**Q** 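One structure follows; several queries about it will come next.
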Amino acid sequence: METITAYALTPEQLDVVQMPLGGPKAAGSRIYLEGPAGTGKTTAGVARLYHMLAAGIPADQVLVLTPQRTLAQPYVDALRRPDRPSGGEPTIATVGGLARRMVDLFWPLVAQDAGFGDPDARPSFLTLETAQYHIARVVGPLVDREGYFESVTIDRHRLYGQILDNLNKSAVVGFAATEISDRLKGAWMGEQSQARVYDQAQACATAFRAYCLQHNLLDFSLQMAIFAEHLWQEPLCRDYLTSSYTHLIVDNVEEDTPVAHDILIEWLGTAHSALVILDQGAGYRSFLGADPKGARMLGDLCDVHVTFTQSFVISPTMAALGDTLSRALRPSPAGTHAVAPADPVAEDVEPQPFSVVGTDDASVATLDPTEVLHFASHRFHPQMLDWVAAEVHRLIDQAGVTPGEIVVLAPFLTDALRYSLAYRLEQLDIPVRSHRPSRALRDEPATQTLLTFAALIHPSWGIVPSKYDVAYALMVAITGMDLIRAQLLAEIVYRPHAGEPELTSFHAIRPEIQERITFMYGERYEALRTWIGACSCDAAPLDHVLARLFGEVLSQPGFGFHGDSDAGRIVAMVIESVRKFRWVVQDLALDRALGHEYLAMVKEGVIAAQYLQPWQEEPKDAVLLAPAYTFLLANRPVDVQFWLNVGGQGWWERLYQPLTHPYVLSRRWAPGRLWTDAEEFALRQETMARLVLGLIRRCRHSLYLGLSDLSEQGYEQEGVLLRAFQRVLRRA
Amino acid sequence: MTLPPGFQFSQASLQDYVDCPRRFQLRYLLALQWPAVQAEPVEEHEQRMVLGQAFHRMVQQRLVGLPEEAIARAASNAELLRWWQSFLAYRPITAFCGDQPGTWMRGEYMLAGGVGGHRLVAKYDVLSVAATGQVTILDWKTSTKRTPDDALRERLQTRVYPFLAVQAGAHLNGDRPIDPSHVTLVYWFPEAPGSPARIAYGPEQYAADHRYLTDLIGLIALAEGDGFPMTQDESRCRFCVYRSYCDRGSTAGRLDELIAAWDLGAAPEDIDLDFEQIGEIAF
């Protein structure tokens with residue numbers, strides 16, 4: 001029991017932790033725990049996990065499920081503590097992760113019935129990137145030749161993404177993938193031309209699904225569909241799961257999907273114990289299919305219901321700000337907005353009974369919420385950023401706040417905004433981290449260098465890089481070579497002819513020019529050129545060629561990647577991207593070499609356009625710049641929050657998604673019911689209220705508002721959130 | 001240089017330290033990604049790793065109850081099919097673990113325990129505990145040649161797996177301590193199915209392993225910058241992806257020169273959970 005005391009639990013938490021661990025149907029062993037953010041629910045969940053292990057529950061029988069990896073971090077951290085009892089290991093997973101593993105393991109059981117073209121062959125699991133490639137193969141010709149989506153002005157990438165998203169919705173909500181357009185059209189009440197767009201989106205989704213089945217390809221939607229519709233119905237697989245994992249801890253269940261809830265409802269019936277944790281007022285992943293209302297059905301299967309109401313995170317004054325702001329955001333009959341129907345998808349955002357440790361409701365009501373609110377108005381956006389950077393600096397330098405306890409949030413974090421702010425902070429020697437990287441993988445200098453060399457290594461592909469690209473690659477690849485020398489060298493030695501690139505020898509250059517380039521750089525160039533010339537690479541996979549080029553030349557002394565860990569990381573990502581591409585494309589009939597196809601797809605922006613950075617690589621004690629929802633789903637409270645562009649509409653608007661509709665495709669929306677302006681207004685209002693309340697509940701001490709009359713793009717702004725804060729200030 | 005919070009040791013990371021402290025530092029403390037070729041021909045190296053993983057999956061499919069014919073149908077590669085046929089002909093699980101009622105058995109099973117104030121984890125291909133308390137550890141070695149017993153005994157895996165079974169496996173034995181003399185580690189080679197390596201364990205070896213692992217982990221945990229020197233055996237560098245980072249050569253060694261004990265399948269405990277990406281990038 002000593003491990004539990006490490007968590008300094010309240011009596012209420014201890015009650016939850018020590019409830020019976022039971023056998024099947026044992027009273028009190030199925031617990032439904034809810035409460036607002038910061039009230040100690042996950043702490044209780046982690047402590048109960050420890051209690052289970054200390055009580056002798058075999059660890060390998062425990063499954064911890066969260067809807068997203070970041071939300072599992074407290075459990076991961078706890079299980080890695082050295083004082084943990086020896087034994088087996090609990091499994092920490094998402095339902096999507098389980099689906100993937102079960103499809104991989106039980107594939108021979110379902111491949112035939114699920115309609116795959118070659119059930120005896122292994123499945124290929126698609127990443128986001130490779131799914132984009134394959135959908136481009138299917139949908140691209142429809143767009144280019146059949147005129148699909150002519151009326152839609154949207155980046156091709158996002159168009160594909162929304163078709164995939166529709167399939168994902170069908171899988172996680174649990175309706176047939178052939179019903180997408182009927183559901184979307186049934187809710188649409190605008191111009192009839194949109195119906196055609198929905199029909200085309202349906203045709204694309206149907207064609208892509210057929211293509212995946214034919215080639216044994218499984219995108220996320222197909223993994224989930226196979227798991228839910230086939231494997232979970234298959235006794236061998238279901239028994240394997242339910243007998244392996246007899247103790248369930250399900251955290252942030254409100255962020256999971258209807259199909260996940262369906263499975264959990266059945267699983268709870270056989271589990272020896274379960275702890276289901278719901279964060280009241282959350283449901284931030286609704287646009288990904290999260291179903292907070294449906295999550296409450298799991299509570300009906302639990303025999304103990306507990307609600308935590310006391311926050312351990314925020315100060316009493318911050319709680320008062322949350323209350324006041326919530327009231328200011330909610331539509332009222334006396335207000336300026338018409339009363340709108342409640343958001344049909346999300347939980348009711350009405351503040352739940354909520355208090356702060358050490359205070360009572362009466363004392364909170366008397367507090368002035370503006371005491372924790374700091375702001376300054378500016379005319380121009382850059383002035384606001386200057387102010388934010390100065391305030392961050394002051395907090396760290398004079399108030400003793402550590403960088404890791406500060407976050408700077410915006411509804412959307414554009415590259416320009418992230419760069420502008422990161423630059424200002426770095427000028428002040430403030431460590432910064434961001435969940436959005438600076439560049440897409442294809443735009444990294446190391447990537448561009450590799451891909452230029454890939455073209456030079458394979459002249460038969462007929463890809464002829466520009467002279468500038470070759471010069472740039474030489475500059476990156478050869479330590480110390482400046483762009484002027486690199487351009488001079490490329491101008492002379494790079495001789496494309498007959499549609500093929502070719503490098504000539506440094507030794508053939510006139511001596512005076514050699515001298516200008518320098519013999520040292522010339523020797524390095526010659527080593528590189530010789531390696532390229534000697535590379536018998538035509539039959540070798542591109543990822544293997546790039547690994548050799550990196551190890552044998554570019555990371556050697558005298559070359560640009562030598563000792564460069566950042567370059568190593570980027571090259572590793574490129575090679576991984578090529579390898580995964582090869583694994584899921586190698587069986588297709590292509591009209592060009594696979595490596596050539598990869599390069600073409602990079603150029604088209606289909607591949608290497610994403611940049612996924614492993615979370616664990618991030619420095620911890622640094623100011624975090626992030627989109628607001630990303631911060632929410634990391635579920636980590638901080639001392640100080642900065643909100644940028646408070647006057648902007650970004651806090652209130654939702655993404656432009658002409659091919660899909662995350663709420664109409666939810667389980668809470670009856671097919672055929674019209675989505676009206678009133679629903680749209682209610683949704684935006686409730687979504688923003690839920691967002692800002694969620695942020696405040698993860699802010700211990702101070703909230704800073706970045707205000708500027710003009711937006712980043714130079715437009716006047718006076719958004720809904722700004723008006724709400726103005727009401728808060730007037731009431732104070 | 002301190003260990004990252006929550007760092008877990010495994011046989012693979014300890015082997016890295018023993019082979020080359022610098023490699024351990026680069027791989028686990030600095031998390032340095034260095035995508036050079038490990039062994040040539042790289043195509044064959046990759047193919048062997050893929051086959052190794054496929055064989056592990058097939059055995060796991062058998063353990064969870066899939067029909068043998070269905071599993072065999074997915075073995076499109078002739079070599080893999082041959083391995084599977086050897087597996088069916090020799091039935092190593094039954095041969096070494098027995099089929100007595102009351103025997104607990106799992107594939108791909110993880111155990112973890114504390115050693116020297118740190119966590120040590122292992123993922124077993126097959127772990128079985130009979131009602132008599134007899135513990136059998138089965139490990140599939142899919143290298144092309146049967147590894148000599150001496151080489152196997154030198155591997156950290158041979159110390160870590162039986163040690164952790166004793167230290168962390170009591171819950172599998174009705175909460176009774178596992179007697180080290182009841183533990184057997186078996187390496188089984190699909191390429192040499194009739195010549196498994198069977199390594200008995202005992203209390204003296206357990207005590208020696210406890211001392212050795214505690215000292216080794218303590219040494220690593222206390223090491224500072226200079227505590228991670230490069231190996232003096234430069235022949236190892238030919239098979240290390242960091243060779244260019246350390247200025248220890250440019251080209252990878254030949255695959256057939258790799259020490260046969262090096263199983264070419266990825267070390268299971270080093271494989272991260274494969275979470276779906278959808279939620280991570282949607283924002």
Side-chain angles (χ1 to χ4, degrees), chain A residues 56 58 60 67-69 76-77 80-84 86-89 92-94 96-97 100-101 104-109 120-122 127-128 168 220 223 236 240 285 288 435 540-541 544 547-548 550-553 555-557 562-563 565 568-569 571-572 575 610 612 617 627 629-630 633, chain B residues 4-8 30-37 40 42-43 46 54 57 60-61 64-67 70-71 73-74 76 106 109-114 117-119 121 123 164 167-172 175 241 243-245 247 250-252 272-283:
Chain A
D60 52 286
Q68 184 169 305
R69 172 170 53 175
V76 173
D77 292 343
R80 292 190 159 206
R81 283 173 41 169
D83 62 350
R84 216 196 94 194
S86 294
E89 284 285 281
I92 300 179
T94 63
R100 155 82 191 253
R101 278 183 253 177
D104 190 44
L105 189 59
F106 290 96
W107 170 255
L109 275 189
D120 288 342
R122 289 288 306 156
T127 62
L128 280 169
N168 292 341
F220 175 79
Q223 292 170 41
L236 192 63
Y240 169 74
R285 286 166 48 106
L288 288 174
H435 283 307
H544 295 172
R548 286 192 188 107
F550 174 80
E552 296 175 15
V553 185
S555 65
Q556 291 294 322
H562 181 61
S565 57
R569 181 172 55 83
V571 175
I575 289 174
Q610 308 277 1
L612 297 175
E617 283 183 11
Y629 279 107
T630 303
L633 287 168
Chain B
F7 185 79
Q8 303 191 123
L30 302 178
L32 178 65
Q33 296 180 65
W34 207 248
V37 172
E40 290 280 9
V42 61
E43 293 85 351
E46 179 184 286
R57 185 195 302 112
Q60 178 66 2
Q61 287 175 328
V64 300
L66 288 184
I71 299 169
R73 278 201 302 273
S76 53
R106 286 282 192 287
Y109 188 77
M110 285 190 79
L111 284 178
H118 295 273
R119 299 219 20 111
V121 299
K123 190 169 188 178
L164 213 47
Q167 201 227 30
H171 65 287
L172 308 174
D175 286 328
V241 294
R243 77 184 76 82
S244 62
Y245 193 85
D247 294 344
S250 58
T251 52
D272 198 11
L273 290 180
D274 192 9
F275 287 89
E276 76 280 15
Q277 300 171 52
I278 183 168
E280 303 292 337
I281 72 145
F283 299 108

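Residue numbers begin at 1 in each chain, while the letters A, B, ... track the order of the sequences. On a predicted model such as this, the values are computed, not experimentally measured, just so you know.
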**Q** Mind listing the closest non-hydrogen atom pair of A:Ser555 and B:Ser244 along with its distance?
**A**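 Smallest interatomic distance, heavy atoms only, reads OG-OG, 2.6 Å.
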**Q** Pick from A:Asp104, A:Val571, A:Val553, A:Leu109: which one has the most heavy-atom pairs with chain B under 4.5 Å?
**A** A:Asp104
**Q** Given the rule in the salt bridge (Lys or Arg N to Asp or Glu O under 4.0 Å) test, do B:Glu40 and A:Arg548 qualify, once you have shown the distances and angles that lead to the verdict?
**A** CA-CA 10 Å; B:Glu40 290 280 9; A:Arg548 286 192 188 107; 2.7 Å; yes
**Q** Which pair of non-hydrogen atoms, one from A:Pro58 and one from B:His171, has the smallest distance, and what is that distance?
**A**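 A:Pro58 and B:His171 have their closest heavy atoms at CB-CD2, 4.4 Å.
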**Q** Would A:Glu552 and B:Val37 count as a side chain to side chain contact (heavy atoms under 4.5 Å, CB included) here? Give the steps.
**A** CA-CA 9 Å; A:Glu552 296 175 15; B:Val37 172; 5.7 Å; no
**Q** Of the non-hydrogen atoms in B:Trp34 and A:Gly563, which two are nearest, and what is the gap between them?
**A** CH2-N, 3.8 Å
**Q** Would you mind telling me which of B:Pro4, B:Gly169, B:Ala112 has the largest number of heavy-atom pairs within less than 4.5 Å of chain A?
**A** B:Ala112
**Q** Could you have a look at A:Leu236, A:Ile575, A:Val76, A:Asp77 and say which one has the most heavy-atom pairs with chain B under 4.5 angstrom?
**A** A:Leu236
**Q** Indicate the atoms forming the closest heavy-atom contact of A:Leu105 with B:Val64, along with that distance.
**A**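 Between these two residues, the closest heavy atoms are CD2-CG1, 4.0 Å.
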**Q** Rounded to the nearest 0.5 Å, how far apart are CG of B:Leu32 and CZ of A:Arg569?
**A** 11.0 Å
**Q** Given the options B:Gly114, B:Ala170, B:Ala36, B:Ala70, which has more heavy-atom pairs under 4.5 Å with chain A than any of the others?
**A** B:Ala36
**Q** Please identify each residue that fulfils salt bridge (charged side-chain N to carboxylate O under 4.0 Å, His left out) with A:Asp120, with sequence neighbours left out.
**A** B:Arg73
**Q** List in chain and number order the residues that pass side-chain contact (heavy atoms from CB on, under 4.5 Å) with A:Ala121, two or more places apart in sequence or in another chain; answer none if no residue qualifies.
**A**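 A:Ala121 satisfies side-chain contact (heavy atoms from CB on, under 4.5 Å) with A:Asp118, A:Asn216 once adjacent residues are dropped.
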**Q** Name the member of B:His118, B:Arg106, B:Gln8 that forms the most heavy-atom pairs with chain A at distances under 4.5 Å.
**A** B:Gln8
**Q** So what's closer than 4.5 Å to chain A heavy atoms on B:Leu66: side chain, backbone, both or neither?
**A** both
**Q** How close do B:Glu43 and A:Ala540 get, counting heavy atoms only, and between which atoms?
**A**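 Closest approach of B:Glu43 to A:Ala540, heavy atoms only: OE2-CB, 3.5 Å.
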**Q** Between chain A and each of B:Ala252, B:Pro67, B:Gly6, B:Gly113, count heavy-atom pairs under 4.5 Å; write down the option with the most.
**A** B:Gly6
**Q** Which heavy atom of B:Tyr245 sits nearest to which heavy atom of A:His562, and what is that distance?
**A** O-CE1, 4.4 Å
**Q** Nearest 0.5 Å, please: how far is OG in A:Ser86 from CG in B:Leu111?
**A**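 Going from CG on B:Leu111 over to OG on A:Ser86, the span is 9.0 Å.
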